[in-house]
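All chains are named by letter (A, B, ...) in the order of the sequence lines, taking the proteins before the strands, and each is independently numbered beginning at 1.
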There are 2 protein chains.
Amino acid sequence: MVTLAEVAQHAGVSASTVSYVLSGKRSISASTRQRVEQSIRELGYHPNAGARALASSRSNIIALMIPLRTDMYVPVMMEIAIAVATTARTHGYDVLLLTGEEGPDAVRRVTGSGLADAMIVMDVELQDERLPLLRGTGQPSVLIGLPADTTGLTCVDLDWGATGALCLEHLAVLGHRDIAVIGEAPAVYERHTGFAERTLDGLRSRARELGLKVLHRPCEGGYDAMAATLARIFDERPGTTGFVVQNESAVEPLLALLRQQGRAVPEDVSVVAICPEQVAVQASVRLTSVAVPAQEMGRRAVEHLVAKLDGRGRDEVVLLAPELTVRASSGPAPSAP
Amino acid sequence: MVTLAEVAQHAGVSASTVSYVLSGKRSISASTRQRVEQSIRELGYHPNAGARALASSRSNIIALMIPLRTDMYVPVMMEIAIAVATTARTHGYDVLLLTGEEGPDAVRRVTGSGLADAMIVMDVELQDERLPLLRGTGQPSVLIGLPADTTGLTCVDLDWGATGALCLEHLAVLGHRDIAVIGEAPAVYERHTGFAERTLDGLRSRARELGLKVLHRPCEGGYDAMAATLARIFDERPGTTGFVVQNESAVEPLLALLRQQGRAVPEDVSVVAICPEQVAVQASVRLTSVAVPAQEMGRRAVEHLVAKLDGRGRDEVVLLAPELTVRASSGPAPSAP
DNA sequence: GAAGTGTGTCGAAGCGCTTCGACTGCTTCG
DNA sequence: CGAAGCAGTCGAAGCGCTTCGACACACTTC
């Protein structure tokens, strides 16, 4: 293993000079710099991470807490994680992967041990146990998701309320009056995950303003669950002509079942999905949808974190504006018989 | 920030004693141990990771390289990553997330800097650039996936050859003679990803033994691509009655298209899928399938790595035996007209 | 020409931990 | 009863780096 000292000797300078060449924190003459860089290359030197962390009390690592559960938005989570990792690298950081399993203890451990300089937390619940800890430590952190109380926190998220409203509006403009909302699995609502509730709120309040009727049904993914859910919906509200789906694994079943029942999309019923772009495009009917900007969220989270670590940036809630893309699954409501 | 020295002072012992309490590397009297543990708790002490790494030249971190691409098996990758992270924690390790982006350099960086003690590499290509590096370093590593040459490497993977053979056999036993294989996107084959090619080899060689005809077609996911692929298949081989699908995003389109064409599953054609359990169960027809044991793979990879780090364990190729679960998508071949 | 101002380099201290050898009392055994 | 062995503890060295102050030297500035 090559050390700084060996590089220094090889280049005929002192260790501190090599360090300054590496960090750029003091000016170094061009000739010395070149000599040192040459030695670094020749010897294949890599600074020891532990020593660096100890001496500088900076680990250059960002911790990322991902949910343990895989009952929703798996590809989204993955995309965020990848975006976080790659963005972090461009700023010189590595990413430590924590699963939610340890819960709040993970926050303590990472903060206390100096393992990471900062933290990104996903799958935030409205009253998340981790929040007090994050507020308490001096460590910068960014949430991907929005808790009930955001004071003293930095959050990045899609504006789910606006997303719900946008979907509703789109259907309203098309003349639909009776809307069914197919949501995530009941468990998602039970643990008060912010995005699910906010979407619903946005949807409902806009419906109230526009005088539309909204029926919300959580739904496990898959055909059987969707079939049951759909039956109940048409049972309660036979006049339903608009659907908003926020559950990737219910999208395709819904389309298949509608087809099976002889309800044409978009002639008889319109469907608007809230899902990753890929799902919307690959579905059997190209779906009018609001995409979840996963990459953007990951990137923004890291950038805010880096800003904080550099002393710039302050607590802030960043809500990304939803964008609705009209595709083939929505159209004018059938005129009443 | 609380240090070892402060704990020592608080407990009235020397720093080394506290260290030995923590590591258990020397015997400590029960009374001293208790006093120290008490102090640790009272002060909320967490050992500094950097200092530890420096002094012991062990970071207690495992690096996990995941693919940057998201053109296949995203949920599987995610499941593996989560399994790796949770298993690693039970052995006292944390996980550093690396994307394939940096390529081989990431291996050099992590190895050289002592950032991680060991490495798990996913998305292995048959002739992977990273292999020479992994063989060269003293660092233990485990591949999830199988390259062409495994000498000096430890690998964990599903036995894809056997998986292919198993699917083929199942269809053969049911009397199908003309089999179509719907594969991953062409790009996956082009970069010579081991699993895709091995599956195909296993399938084909068993087909040869049993005298069946096999037609392989790579396929991007989604309806349009699947429709084109399916048309070509029935065009070339109108007598096709068995399908093997290795591409999650082609599964549902295939089923829908078959239905649309009036071909009943499993009465007219049988479908066997190679996909995550969830996809098989949630599909519109419950699919006969071979599951990808993602969790198992992640767990095993970590356990092998930990064994190596402990000086136990040696290079070895672990192939998990595939299991085929019969569900509702496969049945006897229709007797020839 | 003395004082001030940069610029480039070095030496040494120290980050918080692990670990080795040494020491102290015991017990145990020939 | 002295030597040997062991459990339990301590002190000190050192892991590889960053960073602070000091210093040498070359310039400007009055």
Side-chain angles (χ1 to χ4, degrees), chain A residues 1-37 39-40 43-61 92 94 109-117 309, chain B residues 1-37 39-40 43-61 92 94 109-117 309:
Chain A
M1 189 173 178
V2 190
T3 70
L4 226 210
E6 291 170 315
V7 173
Q9 195 176 4
H10 186 272
V13 297
S14 74
S16 47
T17 300
V18 176
S19 177
Y20 286 123
V21 167
L22 250 30
S23 69
K25 291 192 180 173
R26 286 202 181 173
S27 54
I28 297 286
S29 69
S31 69
T32 305
R33 183 199 319 290
Q34 276 166 24
R35 214 146 23 91
V36 170
E37 283 168 352
S39 298
I40 288 177
L43 301 179
Y45 169 70
H46 285 271
N48 180 286
R52 241 184 189 182
L54 179 56
S56 66
S57 38
R58 291 286 235 101
S59 65
N60 284 297
I61 289 181
D94 273 294
R109 191 169 61 85
V110 168
T111 309
S113 68
L115 232 187
D117 298 332
L309 286 166
Chain B
M1 192 176 178
V2 190
T3 70
L4 227 209
E6 291 170 318
V7 173
Q9 194 177 4
H10 186 271
V13 297
S14 75
S16 46
T17 300
V18 177
S19 178
Y20 287 123
V21 167
L22 250 30
S23 69
K25 292 192 179 171
R26 287 203 181 171
S27 53
I28 297 286
S29 69
S31 68
T32 305
R33 183 198 319 291
Q34 276 164 24
R35 211 143 27 89
V36 170
E37 282 168 352
S39 298
I40 288 177
L43 300 179
Y45 169 70
H46 285 272
N48 180 287
R52 240 180 189 185
L54 179 56
S56 65
S57 36
R58 292 285 235 100
S59 64
N60 284 299
I61 289 181
D94 273 295
R109 192 169 61 85
V110 168
T111 309
S113 67
L115 231 186
D117 298 331
L309 286 166

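- With sequence neighbours excluded, the residues that form a salt bridge (charged side-chain N to carboxylate O under 4.0 Å, His left out) with A/R109 are A/E102, B/D94.
- Within a 6.0 Å sphere centred on CD of A/E6, heavy atoms belonging to other residues, nucleotides or ligands number more than 12.
- With sequence neighbours excluded, no residue satisfies salt bridge (charged side-chain N to carboxylate O under 4.0 Å, His left out) with B/R26.
- Residue A/I28 is classed as a sugar-phosphate contact, given heavy-atom separations below 4.0 Å to backbone atoms only.
- If you walk DNA chain C from 5' to 3' and mark each nucleotide with an atom closer than 4.0 Å to a heavy atom of chain B, the marks span C/dG16 to C/dA22.
- Under the side-chain hydrogen bond (donor to acceptor under 3.5 Å, both in side chains) criterion, A/S39 pairs with A/H10, not counting sequence neighbours.
- Residue contacts for A/T3: at a heavy-atom cut-off of 4.0 Å it reaches the sugar-phosphate backbone alone, with no base atom in range.
- The C1' atoms of five pairs define one axis at each end of the helix from C/dG1-D/dC30 to C/dG30-D/dC1, and these two axes lie 40° apart (to 10°).
- Every residue two or more places apart in sequence or in another chain was checked for a side-chain hydrogen bond (donor to acceptor under 3.5 Å, both in side chains) with B/T111, and none qualifies.
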What N/O pairs connect the protein and nucleotides 22-26 of chain D at under 3.5 Å? Give each pair on its own line.
{"from": "D/dA22", "atom 1": "N6", "to": "A/R26", "atom 2": "NH1", "distance (Å)": "3.4"}

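- Applying the side-chain contact (heavy atoms from CB on, under 4.5 Å) criterion to A/S29, with sequence neighbours excluded, gives A/S31, A/T32.
- Looking at residues 50-57 of chain A, you'll see A/L54, A/A55 sit with a heavy atom under 4.0 Å from some atom of DNA chain C.
- For A/S57, there are no side-chain contact (heavy atoms from CB on, under 4.5 Å) partners at least two apart in sequence or on another chain.
- For residues 29-36 of chain A, proximity to DNA chain C is found at A/S29, A/T32, defined as any non-hydrogen atom under 4.0 angstrom from a strand atom.
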Show me the donor-acceptor pairs within less than 3.5 Å that the side chains of residues 46-54 of chain B make with the rest of the protein, sequence neighbours left out.
{"from": "B/N48", "atom 1": "OD1", "to": "B/G50", "atom 2": "N", "distance (Å)": "2.9"}
{"from": "B/N48", "atom 1": "OD1", "to": "B/A51", "atom 2": "N", "distance (Å)": "2.8"}

